[in-house]
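The structure appears right after this line, and notes come after that.
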Amino acid sequence: MTYEEYLDEVTTLITEKYKLGDAAAIKLVVKAQDAEFFVAHDDDETMRTLDRAHQDAKTLYLASQNK
């Protein structure tokens, strides 16, 4: 999937799995982008898998809960 599709998938998974609204999920993904969390994903398309999207969604959600 493209980088943009990957980010959309992570956002969707956050809303579905963790019951956050769209705006909150988008905010998490944008914040992660700003912190360069997804730089490697942009450079290496093999990282953009559905399994990895599930992992990243969990990582971002859990990190947001530990603040």
Test your reading of the model: is there a side-chain donor-acceptor pair from Tyr6 to the backbone of Ala53, 3.5 Å cut-off?
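Judged by distance alone, yes, a pair lies under 3.5 Å.
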For Asp42 and Phe38, indicate whether the former's side chain and the latter's backbone hold a donor-acceptor pair under 3.5 Å.
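No, the answer is negative, given that no donor and acceptor are paired below the 3.5 Å cut-off.
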Supply the atom-to-atom distance Leu7 CG to Thr12 OG1, rounded to the nearest 0.5 angstrom.
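Those atoms lie 10.5 Å apart.
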Within this structure, what is the OG1-NE2 distance for the pair Thr49 and His54, rounded to the nearest 0.5 Å?
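NE2 of His54 is found 9.0 Å from OG1 of Thr49.
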Considering residues, nucleotides and ligands other than Gln33, do more than 12 of their heavy atoms fall under 6.0 Å from its CD?
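Correct, the count exceeds 12.
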According to a 4.5 Å side-chain heavy-atom criterion applied to Ile, Leu, Val, Met, Phe, Trp and Tyr, with indirect links allowed, do [X] and [Y] form part of one hydrophobic cluster?
X: Phe37; Y: Met47; value: no
X: Val10; Y: Leu13; value: no
X: Val39; Y: Leu28; value: no

Identify the two heavy atoms, one from Asp56 and one from His41, that lie closest to each other, and give their separation to 0.1 Å.
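Scanning both residues completely, I find the closest heavy atoms to be OD2-NE2, 2.7 Å.
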Start with the C-alpha gap between Arg48 and Glu5, add the side-chain angles, then the distance that decides, and say whether side chain to side chain contact (heavy atoms under 4.5 Å, CB included) holds.
CA-CA 9 Å; Arg48 293 179 247 146; Glu5 291 169 334; over 6 Å; no
Relative to the ring of Tyr61, is the ring of Tyr18 parallel (under 30°), tilted (30 to 60°) or perpendicular (over 60°)?
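If you compare the ring of Tyr18 with that of Tyr61, the planes turn out parallel.
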Other members of the hydrophobic cluster containing Val30, with the 4.5 Å side-chain heavy-atom rule, please.
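So far as hydrophobic clustering goes, Val30 is joined with Ile26.
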